[in-house]
2 protein chains.
Amino acid sequence: MNARRATIADVAREAGVSASTASVVFSGKTPVTDATRQRVLDAAVRLRYTGPDPRAASLRRGRSGIVGVVFQGHLGGAFLDPVTRAMMDGLADAVAPQGAGLLLLRDDVEGESGSGESGATLTTAPIDAAVLIGCNARMRASLEIVLSRRIPVVVIEGDAGSDVPAVLLDNSFAQSVVAEHLKKLGHTRVALVTLPTDVSGERGWINEQREATITVDVMRDRLQGARQVFPDAPAMSARNSSIDEGVIAGREIFAGSDRPTAVVAQSDLLAAGVIRAAEEAGLRVPEDVSVTGFDGVDVDGLAPYLLTTMSQPATEKGRAAGRAVTAMLEGDNAATIEFTCVFREGNTTALPPDS
Amino acid sequence: MNARRATIADVAREAGVSASTASVVFSGKTPVTDATRQRVLDAAVRLRYTGPDPRAASLRRGRSGIVGVVFQGHLGGAFLDPVTRAMMDGLADAVAPQGAGLLLLRDDVEGESGSGESGATLTTAPIDAAVLIGCNARMRASLEIVLSRRIPVVVIEGDAGSDVPAVLLDNSFAQSVVAEHLKKLGHTRVALVTLPTDVSGERGWINEQREATITVDVMRDRLQGARQVFPDAPAMSARNSSIDEGVIAGREIFAGSDRPTAVVAQSDLLAAGVIRAAEEAGLRVPEDVSVTGFDGVDVDGLAPYLLTTMSQPATEKGRAAGRAVTAMLEGDNAATIEFTCVFREGNTTALPPDS
DNA sequence: TTGTATGCGTTATCAT
DNA sequence: ATGATAACGCATACAA
């Protein structure tokens with residue numbers, strides 16, 4: 001019962017081979033005689049050696065096999081978004097073949113407790129590469145850290161300059177497509193329900209001043225797309241992308257005297273909430289009011305409604321990010337890639353009521 | 001433009017101090033003169049040195065600052081569950097002060113592509129400790145790996161033997177409490193909607209044979225609690241914990257000739273679905289049928305209903321797990337801890353319709 | 001407060 | 001197919 005744990009050198013000695021041979025048995029990088037392999041493996045069992053210490057191996061190799069994923073805010077909050085969940089799935093898929101794992105990192109709020117801790121994990125985490133999700137102004141600091149460490153980095157849904165490969169979506173165009181669909185149906189009185197304009201996420205009608213200070217790329221781009229078709233539509237921002245927030249926005253919108261015949265929501269969850277609010281107000285969807293979403297995710301509990309929406313390849317986005325970082329780790333350089341949404345007509349849009 | 005990256009030795013030389021002094025400047029473990037510190041920091045900037053290499057540091061320290069979190073199945077699927085999200089939040093909170101990050105690991109399905117890869121990440125990941133979530137039979141393999149590596153491990157919602165600290169919930173008792181509540185109200189015809197009986201998650205009525213082969217602890221315990229009060233209640237298992245599955249189960253239940261006056265669901269999401277199914281069938285909740293949930297999470301979109309449910313301290317569970325692993329890392333030993341749910345009366349339960 | 005010396009456990013390279 | 005050697009980059013015990 002030695003306190004010290006066995007090392008590969010111990011195993012080699014026990015097996016009567018050199019350390020390099022023992023190492024090779026575990027890595028499989030070089031052919032080894034079956035007999036030798038067995039001797040080493042047996043010795044390992046005897047010494048309760050369970051394989052090379054990952055810490056030492058990563059120092060030697062210069063690789064840890066870990067990809068950092070940087071979120072902003074609470075983890076639970078981030079995973080509230082079905083799109084983020086799908087992206088993580090794709091990301092995990094893409095890095096798994098390389099034997100890499102995903103390290104969750106928070107883009108810490110500075111005000112949090114001891115400010116000395118801030119960003120500590122991102123600076124000190126043994127990551128080979130990083131993926132930043134939703135790269136806003138607030139993520140800038142994280143980006144700087146990663147870049148200064150000269151770690152390969154990929155950004156999802158955000159602009160980090162031309163040196164950083166990004167995984168993008170045609171948000172603006174896609175949003176204009178659904179909006180156009182409504183216009184063709186004959187809708188003219190349309191209201192917009194948007195994602196938060198910034199991280200603090202204030203709820204309410206968006207005036208010009210606020211519209212000029214939007215810091216969230218996704219929100220800004222989708223808004224712009226809608227504006228191309230309905231330049232003067234009133235827009236109300238939600239505090240986050242959720243059904244509950246959609247309900248709140250929907251109530252406000254349907255309470256007005258000049259009820260719109262259609263609502264363009266910037267996410268499927270918000271759209272689901274708007275539909276609930278419509279039902280609440282005694283309006284039928286789509287007969288009395290049309291509602292469109294964005295994302296093309298399955299909204300749990302929304303059946304029998306099927307949203308008219310723009311489906312985005314969320315899982316594919318994650319996978320692309322994963323492929324990009326692994327490519328960069330191989331020394332190849334990855335390019336920015338823009339995915340496109342596809343229009344999906346559901347049963348939540350129809351001709352305006354008066355037509 | 002030297003190809004090789006600067007090391008702390010380079011920085012020390014540039015600053016005209018020893019390597020150990022430079023090291024101390026970055027770690028802060030020992031006081032250093034302001035002048036010296038500045039010299040070192042300046043040198044670091046000049047050499048574009050961004051701090052100690054985490055890989056080397058972790059080898060030297062014997063710590064990587066990473067806690068592995070093992071899930072079963074897809075990441076996106078795991079985070080679908082609001083309780084899991086809350087636990088992750090708590091876990092992240094608890095390990096953050098130690099500067100630790102969370103590494104997502106999948107308890108890979110063996111059938112997946114090259115079977116050689118299976119468990120590869122768990123065996124080779126540089127983790128200081130591990131947290132297993134929902135430790136079923138299927139997780140056994142992961143547990144074995146971690147134990148053989150002699151890494152501190154904590155299990156959430158699952159039994160891993162007396163040597164492994166667990167974070168538990170009084171599932172059985174808690175479920176009996178809500179059931180009792182219904183009984184006191186006068187309900188006798190009650191139906192149960194349960195979580196999946198095993199990972200494969202088959203949907204349908206549970207017969208005796210199936211009830212005997214349940215592999216999911218949480219489900220079994222809650223079922224037992226309900227059975228203490230309503231021994232003969234028919235039980236239908238859902239494929240997963242979601243509103244949609246609750247709707248499906250609810251439809252089946254309300255379609256029968258002998259409609260129950262109350263439905264006990266094993267999760268809030270399932271309960272939300274049951275409520276929808278009731279509405280669909282023209283039943284009012286709680287006037288015509290009472291519905292109870294389990295978890296006490298905010299179900300997005302369920303307002304104005306407030307479920308009668310058992311609130312579980314999900315975030316606190318994660319935090320406890322985090323504290324347990326950090327304690328074990330300090331050399332202290334952590335004990336199994338059982339949390340208790342608290343009954344919350346909402347507006348989804350009432351007297352049975354005929355009373 | 002600073003410097004010296006040592007080893008953490010592995011694996012790549014090269015020679016045999 | 002196997003072995004000898006040399007880093008990988010750092011943090012600590014201890015001495016000064």
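Residue numbering restarts at 1 for every chain, and letters A, B, ... go by the order of the sequence lines. These numbers come from a predicted model, not from an experiment.
Ranking dT1(C), dC10(D), dG3(C) by closeness to the Ile8(B) side chain, first place goes to dC10(D). When the nucleotides dT2(C), dA1(D), dA7(D) are ranked by their closest atom to the side chain of Thr33(A), dA1(D) comes out on top. For Ser20(A), the side-chain atoms get nearest to dA4(D) when compared with the rest of dA11(D), dT10(C), dA4(D). Closest contact between the side chain of Ser18(A) and the listed nucleotides dA1(D), dG3(D), dA11(D) involves dG3(D). Closest contact between the side chain of Thr7(B) and the listed nucleotides dG9(C), dC10(D), dA4(D) involves dC10(D). In the set dT1(C), dA12(C), dA4(D), the nucleotide with an atom closest to the side chain of Pro31(B) is dT1(C).
Computed from coordinates, the Arg61(A) CZ to dA7(D) C1' distance equals 16 Å when rounded to whole Å. When rounded to the nearest whole Å, the span between CG of Asp34(B) and C1' of dT1(C) equals 12 Å. Counting to the nearest Å, the C1' atom of dT1(C) and the NZ atom of Lys29(B) are 18 Å from each other. Rounded to an integer number of Å, the gap from Gln38(B) CD to dT2(C) P is 13 Å. For Asp53(A) and dG9(D), the CG to C1' distance is 15 Å, given to the nearest whole Å. Rounded to an integer number of Å, the gap from Arg60(A) CZ to dA12(C) P is 6 Å. Straight-line distance from the CZ atom of Arg39(A) to the C1' atom of dG3(D): 13 Å, rounded to whole Å. Between the CZ atom of Arg55(A) and the P atom of dC10(D) there is a distance of 17 Å, given to the nearest Å.
Residue Ser23(B) is in base contact, counting any heavy-atom pair closer than 4.0 Å across all strands shown. Residue Phe26(A) is classed as having no contact, given no heavy-atom separation below 4.0 Å to the nucleic acid. Within the 4.0 angstrom heavy-atom criterion, only backbone atoms of the sugar-phosphate kind lie near Val17(A); the bases stay farther away. Counting non-hydrogen atoms under 4.0 angstrom, Leu59(B) reaches a base of the nucleic acid.
For the OP1/OP2 pair of dT2(C) and a distance below 4.0 Å, the side-chain nitrogens and oxygens of Thr36(B) include at least one atom meeting the criterion. Side-chain N/O atoms of Thr21(B) include one lying less than 4.0 angstrom from OP1 or OP2 on dG3(C).
Using a 4.0 Å cut-off between a side-chain N of Lys or Arg and a carboxylate O of Asp or Glu, Asp10(B) and Arg46(B) do not qualify as a salt bridge.
Going from atom OG1 of Thr121(B) over to atom CG of Leu102(A) covers 10.0 Å, rounded to the nearest 0.5 Å. If you take CD1 on Ile151(A) and CG on Leu329(A), they are separated by 10.0 Å, rounding to the nearest 0.5 Å.
Sorted by first then second residue, the salt bridge (Lys or Arg N to Asp or Glu O under 4.0 Å) pairs that include residues 315-328 of chain A, not counting sequence neighbours, are Asp93(A)-Arg319(A), Glu157(A)-Lys317(A), Glu316(A)-Arg319(A), Glu316(A)-Arg323(A).
When the side-chain hydrogen bond (donor to acceptor under 3.5 Å, both in side chains) test is applied to Gln38(B), the partners found at least two apart in sequence or on another chain are Asp42(B).
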